[in-house]
Number of protein chains: 2
Amino acid sequence: MKEKRNGISSRVIERLTKYLRCLENLSPEDYISSEELALKMGFTAAQIRKDLSNFGEFGIRGKGYQIRTLYSDIERILGVHKTNNIIVIGAGRLGGALVSEPEFTKESFNIIGVFDNSDTKIGTEMKGIKIRDVKEIPYFLQSKDKVDVAILTVPKKVAQQMATLLVEAGVKSILNFAPINLEVPDHIAVQNIDLYAKLQELNYWKEQVINND
Amino acid sequence: MKEKRNGISSRVIERLTKYLRCLENLSPEDYISSEELALKMGFTAAQIRKDLSNFGEFGIRGKGYQIRTLYSDIERILGVHKTNNIIVIGAGRLGGALVSEPEFTKESFNIIGVFDNSDTKIGTEMKGIKIRDVKEIPYFLQSKDKVDVAILTVPKKVAQQMATLLVEAGVKSILNFAPINLEVPDHIAVQNIDLYAKLQELNYWKEQVINND
DNA sequence: TAGATTGTTAATCGATTAACAATC
DNA sequence: TAGATTGTTAATCGATTAACAATC
């Protein structure tokens, strides 16, 4: 995946998700200025206005942004205003935690399939969803509703193999929890969540504090 | 937490963790040039050399970097060469998944405590570690080995409260899985893992592919 | 020594911020 | 209308890349 497409950098998109997080705690009918929003989030007002201006005009001069409409405008920009179908590959503890997350399932993302390669798991249920054989993935993708995202929670050693299988079956975007850099064609969107890398980063910053603040 | 300390940007630290990920799959005694490494990771050779030059000289001119020594040098830069003690706050499914991750426990991070606020969980064990009452956190931090990182896997609505408790008890760095922006003093290091935000980002990039590649 | 590749300086590129005219 | 705040242009800042002297 490229760092940039259509002139929008990944930094901008990352911030949009943060704006949503902040807006969801505010009263929908109120108005907020870029200045106030910036203060809440530790950004600058100019940056917020610039980010939004990439996609259109969402504010009212002299008044600010209505929280409700700004929220739904950002949702529309990100494409999360419609329900998104998800499959989870790997019915281990992490996969199970994701499928069960109440925070997660109530949102606009909908888990429509869970896959594993273990005979003891295949055929059983996880939160009411049947666990299928990973071999069925190609068939599943042909016959079912469109799959928007595949979440990979398989062990590191099979992650690349599964990613390749997913891409061949037609999946266009992958959220990868395995601590490896997946090799996929350029047109496939991949996001990584690497717990261990985050811990390493934390470790670095923690050490710095002593000498600096 | 600031974006930068001691002149090193968070981008550099992020890449260092990626270098580690790449190096761990290569033969330790071999040498690799910045050019070869760059090719493997999709960075530029100049960037790799520049990143490393922030911390010293690790290569041999005309030859490249020895994989084994570069790996341990980066570990030392990040501070992960020594064992790091972790506590997990929230013994739910996600907390359980983390405690059990084989990939995770074998690394240099060591879980020394698990805490929850539910009476039905307190006193039971999770992978051989006793689940303690969150109220015991201040006492635990005084009496036990130093805690390097606290991982927060509690529900969104109590995350801020727990973060405040942790900071007051003396925790210096937090890995937060709750989808909110924690408010903590400037000298506390925080990293967020926000699954839902990642899905939103993916969703955006997925839509762009069609118009672009 | 000749060839290769580092570490580092200078040039480029992109992202953030400041400033302000447009306008609610 | 006067005050406020947007959307946008220009200025600044920082990060990436290119180039090359140093040196293995």
Side-chain angles (χ1 to χ4, degrees), chain A residues 1-19 22-23 26 29-71 73-74 77 201 204, chain B residues 1-19 22-23 26 29-71 73-74 77 201 204:
Chain A
M1 190 176 71
K2 279 178 278 178
E3 154 83 3
K4 224 174 161 181
R5 287 197 230 262
N6 299 339
I8 304 295
S9 93
S10 62
R11 305 285 209 96
V12 175
I13 300 304
E14 241 182 272
R15 282 194 299 268
L16 290 184
T17 69
K18 300 217 167 96
Y19 300 159
C22 185
L23 291 169
L26 307 173
E29 298 308 318
D30 287 355
Y31 284 76
I32 192 167
S33 68
S34 54
E35 199 64 60
E36 292 169 297
L37 195 54
L39 196 69
K40 276 185 192 296
M41 306 209 296
F43 295 136
T44 65
Q47 183 159 70
I48 293 173
R49 295 201 301 277
K50 190 126 225 284
D51 282 348
L52 294 172
S53 75
N54 285 301
F55 306 99
E57 305 194 358
F58 305 104
I60 298 168
R61 285 161 200 240
K63 202 166 181 192
Y65 303 86
Q66 194 192 22
I67 288 161
R68 184 173 50 75
T69 57
L70 182 58
Y71 190 90
D73 285 335
I74 298 178
I77 294 167
E201 287 177 56
Y204 178 81
Chain B
M1 191 175 72
K2 279 177 277 176
E3 153 83 4
K4 224 174 161 180
R5 286 196 232 261
N6 299 340
I8 305 295
S9 94
S10 62
R11 305 286 210 95
V12 175
I13 300 304
E14 242 181 271
R15 282 194 298 269
L16 289 185
T17 69
K18 299 215 168 98
Y19 299 158
C22 185
L23 292 169
L26 306 173
E29 300 306 318
D30 287 355
Y31 284 77
I32 193 169
S33 69
S34 55
E35 200 64 61
E36 291 169 297
L37 195 53
L39 195 70
K40 277 184 192 295
M41 307 209 296
F43 296 135
T44 65
Q47 183 159 71
I48 293 173
R49 295 201 302 276
K50 189 128 226 284
D51 282 348
L52 294 172
S53 75
N54 285 301
F55 305 98
E57 305 195 358
F58 306 103
I60 298 169
R61 286 164 199 238
K63 202 164 182 194
Y65 303 85
Q66 194 192 22
I67 288 162
R68 184 173 51 75
T69 57
L70 183 58
Y71 190 90
D73 285 334
I74 297 178
I77 294 167
E201 287 177 56
Y204 177 81

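Numbered from 1 within each chain, the chains take letters A, B, ... in sequence-line order. All figures in this text were calculated on a predicted structure; none of them were measured in a lab.
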For this session: Taking Watson-Crick and G-U wobble pairs with both distances under 3.5 Å, convert DNA chain D into its dot-bracket string, 5' to 3', dots for unpaired and | for cross-strand pairs.
Result: ..||||||||||||||||||||||
Problem set entry | Whole-Å gap separating C1' (C:dG14) and CZ (A:Arg15) | 12 Å
Exercise. When rounded to the nearest 0.5 angstrom, what distance separates CG in B:Asp30 from CG in B:Leu23?
Worked result: 11.5 Å
Problem set entry | Atom-to-atom span, CG of A:Asp51 to P of C:dG14 - whole angstrom | 17 Å
Exercise. If you round to the nearest 0.5 Å, how far is OH of A:Tyr19 from CG of A:Leu37?
Worked result: 7.5 Å
In a table with atom names and distances, give each donor-acceptor pair under 3.5 Å that connects a side chain of residues 52-64 of chain A to protein atoms at least two apart or in another chain.
residue: A:Ser53; atom: OG; partner: A:Lys50; partner atom: O; Å: 2.8
residue: A:Asn54; atom: ND2; partner: A:Lys50; partner atom: O; Å: 3.3
residue: A:Asn54; atom: ND2; partner: A:Asp51; partner atom: O; Å: 3.1

Seminar exercise, completed: In terms of heavy-atom contacts, A:Ala38 and A:Thr44 come closest through CB-C, 3.5 Å
Seminar exercise, completed: Quick tally for nucleotides 2-10 of chain D: nucleotides whose base has a protein heavy atom under 4.0 Å get B, sugar-phosphate-only ones S, the rest -, giving --BBBBBB-
Exercise. At what distance, to the nearest 0.5 angstrom, does CG of A:Leu16 lie from CG of A:Asp73?
Worked result: 11.0 Å
Exercise. CD1 of A:Ile67 to CG of A:Leu70: how many Å apart, nearest 0.5 Å?
Worked result: 8.5 Å
Problem set entry | Gap separating the OH atom of A:Tyr204 from the CD1 atom of B:Ile74, nearest 0.5 angstrom | 13.0 Å
Problem set entry | Value in whole Å for how far the P atom of C:dT16 lies from CD of A:Glu14 | 10 Å
Exercise. Between B:Glu36 and B:Ser33, is any side-chain donor less than 3.5 angstrom from a side-chain acceptor?
Worked result: yes
Problem set entry | d(CD, A:Gln47; P, C:dA19) in whole Å | 17 Å
